[in-house]
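First the structure, in the form of structure tokens, and then the observations on it.
Residue numbers run from 1 in the order of the sequence given. Model, not experiment: these values are computed from the prediction.
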Amino acid sequence: MDAALWWFIAAERAAQVQLIARAAGKPVPIDHRAAVATRERFGTDLAAWVSYQPLRQTVAPAPPPRGAEGRQTSDVNIMNG
């Protein structure tokens with residue numbers, strides 16, 4: 001799912017860049033060879049997953065701390081230990 005989220009974010013960013021480029025004047029397209037090389041390097045699901053991880057760490061809540069026995073502290077009953 002992380003890779004799919006990254007592709008959605010990347011597509012949104014690409015659309016924004018294209019609109020900004022067109023507003024600034026006539027965009028200069030990259031050649032086909034450069035486009036293929038970029039896709040081969042950054043166009044894999046692994047690359048998308050890796051690219052999403054820093055963003056995921058900022059938006060996903062941290063897991064709750066664990067107690068001494070490996071249980072989550074929220075699972076520990078104070079009265080029964």
Side-chain angles (χ1 to χ4, degrees):
M1 181 176 334
D2 288 359
L5 289 168
W6 178 254
W7 291 129
F8 179 80
I9 293 166
E12 179 70 20
R13 289 178 179 173
Q16 290 173 348
V17 168
Q18 185 169 0
L19 290 173
I20 292 168
R22 287 186 180 194
K26 184 178 178 184
V28 178
I30 62 173
D31 64 278
H32 180 71
R33 182 179 242 165
V36 169
T38 302
R39 182 192 67 205
E40 288 175 357
R41 183 166 182 176
F42 300 108
T44 66
D45 283 339
L46 177 60
W49 182 87
V50 169
S51 296
Y52 181 71
Q53 295 314 296
L55 180 59
R56 183 174 195 246
Q57 292 174 358
T58 63
V59 298
R66 297 204 166 264
E69 293 84 33
R71 296 181 292 187
Q72 291 183 355
T73 55
S74 59
D75 295 341
V76 176
N77 184 333
I78 295 172
M79 296 299 206
N80 296 330

Quick one, L5 with F8, criterion side-chain contact (heavy atoms from CB on, under 4.5 Å). Give me CA distance, side-chain angles, the key distance, then yes/no.
CA-CA 5 Å; L5 289 168; F8 179 80; 5.7 Å; no

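- Using modelled atom types, one finds a donor on one side chain and an acceptor on the other under 3.5 Å when comparing W7 with D45.
- Cluster annotation: V50 is not connected to M1 through the hydrophobic network of ILVMFWY side chains, with a link wherever side-chain heavy atoms come within less than 4.5 Å.
- Heavy-atom minimum distance, R22 versus P27: CG-CG, 3.7 Å.
- Note that CZ of R13 and CH2 of W6 are 4.5 Å apart. Values are rounded to the nearest 0.5 Å.
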Kindly determine whether V36 and R39 satisfy side-chain contact (heavy atoms from CB on, under 4.5 Å), including the steps that lead there.
CA-CA 5 Å; V36 169; R39 182 192 67 205; 4.0 Å; yes

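- F42 and I30 are assigned to two separate hydrophobic clusters, defined by single-linkage of ILVMFWY side chains at heavy-atom distances under 4.5 Å.
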